[in-house]
Amino acid sequence: MRLLFIDDSPDDAELVASHLRRFGFDFTFQVVDSQEDLARALEETSWSAVLSDYNMPGFAVERALTMVREHNADLPFIVVSGMIGEEKAVDLIRAGASDFVGKDRLGRLGPALQRELRDVQLRVERRSL
């Protein structure tokens with residue numbers, strides 16, 4: 001499995017990765033922190049899921065979400081961030097994010113990612129039928 005992290009903090013990305021490994025995921029990951037790096041990563045590699053921080057200087061999560069959706073509408077996109085408020089989290093999900101997990105609740109991330117990966121697989125199988 002290949003995960004793409006959109007985060008301006010390598011330490012935060014490593015923290016998220018360690019939680020996913022404890023949950024049992026086996027994966028490699030790359031961290032990007034700019035629109036240019038995201039565009040290049042999407043073109044160069046096939047990803048299993050995208051995990052994005054919300055607060056990044058110079059790169060809005062909404063723009064990252066749009067880029068990912070334009071590249072692959074089925075790719076799970078989970079926002080993993082500090083408290084942004086319920087209303088903003090709902091807005092992101094309405095805009096196309098798969099889920100929101102607060103950094104203070106990383107125990108939810110493994111099950112959320114597992115569910116999203118399963119849902120993508122089901123959608124792809126249905127389309128192929």
Side-chain angles (χ1 to χ4, degrees):
M1 179 166 52
R2 297 180 62 85
L3 301 178
L4 180 59
F5 290 7
I6 305 171
D7 202 319
D8 62 335
S9 169
D11 290 340
D12 284 357
E14 190 57 51
L15 175 69
V16 170
S18 97
H19 274 273
L20 291 173
R21 286 188 183 106
R22 275 184 265 167
F23 189 77
F25 284 107
D26 182 23
F27 60 93
T28 60
F29 72 96
Q30 178 180 342
V31 181
V32 298
D33 64 359
S34 70
Q35 185 171 323
E36 297 78 20
D37 289 346
L38 175 58
R40 191 172 21 264
L42 291 171
E43 285 301 317
E44 293 175 354
T45 305
S46 177
W47 300 100
S48 305
V50 176
L51 306 174
S52 180
D53 190 10
Y54 179 80
N55 291 315
M56 294 176 292
F59 190 30
V61 70
E62 294 87 356
R63 178 65 187 134
L65 177 58
T66 298
M67 291 173 67
V68 169
R69 288 290 167 250
E70 288 174 353
H71 179 76
N72 180 346
D74 286 327
L75 190 60
F77 187 103
I78 299 174
V79 179
V80 182
S81 191
M83 296 307 294
I84 63 169
E86 185 177 323
E87 187 174 320
K88 191 60 183 168
V90 169
D91 288 345
L92 287 168
I93 291 171
R94 284 185 181 147
S98 306
D99 205 344
F100 170 83
V101 175
K103 285 186 179 174
D104 62 335
R105 301 195 191 268
L106 287 177
R108 274 195 64 239
L109 184 57
L113 180 57
Q114 194 172 47
R115 180 190 66 243
E116 292 305 321
L117 293 170
R118 185 180 59 243
D119 288 353
V120 166
Q121 183 179 4
L122 291 172
R123 282 194 303 272
V124 169
E125 288 173 2
R126 281 188 209 130
R127 276 198 300 264
S128 69
L129 294 175

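When a residue number appears, it is its place in the shown sequence, counting from 1. Quick caveat, the model's predicted, so the values are computed rather than measured.
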**Heavy-atom pair with the smallest gap, counting every atom of A41 and V32** = CB-CG1, 4.1 Å
**Message:** Can you tell me how far apart CG (D91) and CZ (F100) are? Round to the nearest 0.5 Å.
**Reply:** 12.0 Å
**Request:** Mark yes when over 12 heavy atoms from residues, nucleotides or ligands other than E87 sit less than 6.0 Å from its CD; otherwise mark no.
**Result:** no
**Request:** Report yes if the side chains of L42 and L4 come closer than 4.5 Å at any heavy-atom pair, otherwise no.
**Result:** yes
**Fill in**
Between the CZ atom in F77 and the CG atom in N72, the distance rounded to the nearest 0.5 Å is 12.5 Å
**Item:** side chain to side chain contact (heavy atoms under 4.5 Å, CB included) against E86, all qualifying residues, sequence neighbours excluded
**Value:** V90
**Same apolar cluster (I L V M F W Y, side chains within < 4.5 Å links), V80/M56** = no
**Partners meeting salt bridge (Lys or Arg N to Asp or Glu O under 4.0 Å) with R2 (sequence neighbours left out)** = none
**Residues that R40 engages under salt bridge (Lys or Arg N to Asp or Glu O under 4.0 Å), provided they are two or more places apart** = D37
**Request:** May I ask whether V120 and V50 are part of the same hydrophobic cluster, defined by side-chain heavy atoms of I, L, V, M, F, W, Y residues being less than 4.5 angstrom apart, directly or through others?
**Result:** no
**Asked** Should V101 and I84 be regarded as members of a common hydrophobic cluster, given that ILVMFWY residues are connected when their side-chain heavy atoms come within less than 4.5 Å of each other, either directly or indirectly?
**Response** no
**Request:** May I ask you to decide if Q35's main-chain N or O and R63's side chain share a donor-acceptor pair within less than 3.5 Å?
**Result:** no
**side chain to side chain donor-acceptor pair (under 3.5 Å): pairs with one or both residues in residues 45-55, sequence neighbours excluded** = D53-S81
**Asked** Which residues pass the side-chain hydrogen bond (donor to acceptor under 3.5 Å, both in side chains) test with E70, sequence neighbours left out?
**Response** none
**Message:** Applying a strict under-4.5 Å side-chain criterion to I, L, V, M, F, W and Y, I'd like to know whether V31 and I6 cluster together.
**Reply:** no
**Complete:** Residue set satisfying side chain to side chain contact (heavy atoms under 4.5 Å, CB included) with L15, at least two apart, ordered chain then number -> H19, L106
**Message:** Ignoring hydrogens, what is the shortest heavy-atom contact between P76 and L117? Give both atom names and the distance.
**Reply:** CG-CD2, 4.3 Å
**Partners passing salt bridge (Lys or Arg N to Asp or Glu O under 4.0 Å) against D99 (at least two apart in sequence or in another chain)** = R108, R115
**Request:** Would you give the length of the straight line joining atom CG of L20 to atom CG of D26, rounded to the nearest 0.5 angstrom?
**Result:** 11.5 Å
**Where A49 and L113 come nearest, the two heavy atoms and their spacing** = CB-CD1, 3.6 Å
**Minimal non-hydrogen separation, V79 against A97, with atom names** = CG2-CB, 4.2 Å
**Asked** What residues form a side chain to side chain contact (heavy atoms under 4.5 Å, CB included) with R105, not counting sequence neighbours?
**Response** none
**Message:** For a quick test of reading the model, state the closest non-hydrogen atom pair linking S98 to I78 and the distance between them.
**Reply:** CB-CG1, 4.4 Å
**Message:** Going by ring pair (Phe, Tyr, Trp, His ring centres under 6.0 Å), name the residues that satisfy it together with F23, two or more places apart in sequence or in a different chain.
**Reply:** F25
**Complete:** Tightest non-hydrogen contact, residues D33 and D8, listed as CB-CA, 3.9 Å
**Prompt:** Taking C-beta and beyond as the side chain, do L109 and L51 meet within less than 4.5 Å on heavy atoms?
**Reply:** yes
**Asked** What distance do E14 atom CD and S9 atom OG have between them, rounded to the nearest 0.5 Å?
**Response** 10.5 Å
**Message:** Could you measure the distance from the CZ atom of R123 to the CD atom of E125? Nearest 0.5 Å is fine.
**Reply:** 11.5 Å
**Prompt:** So F27 and F5, would you call those rings parallel, tilted or perpendicular, with 30° and 60° as cut-offs?
**Reply:** tilted
**Item:** Any residue meeting side-chain hydrogen bond (donor to acceptor under 3.5 Å, both in side chains) with E62, in chain and number order, not counting sequence neighbours
**Value:** K88
**Item:** Separation between CG of L38 and CD of E43, rounded to the nearest 0.5 Å
**Value:** 10.0 Å
**Request:** Not counting sequence neighbours, which residues clear salt bridge (Lys or Arg N to Asp or Glu O under 4.0 Å) with R127? List them please.
**Result:** D74
**Message:** So V16 and F29, do their side chains get closer than 4.5 Å, heavy atoms only?
**Reply:** no
**Fill in**
S18 meets the side chain to side chain contact (heavy atoms under 4.5 Å, CB included) criterion, sequence neighbours left out, with R22
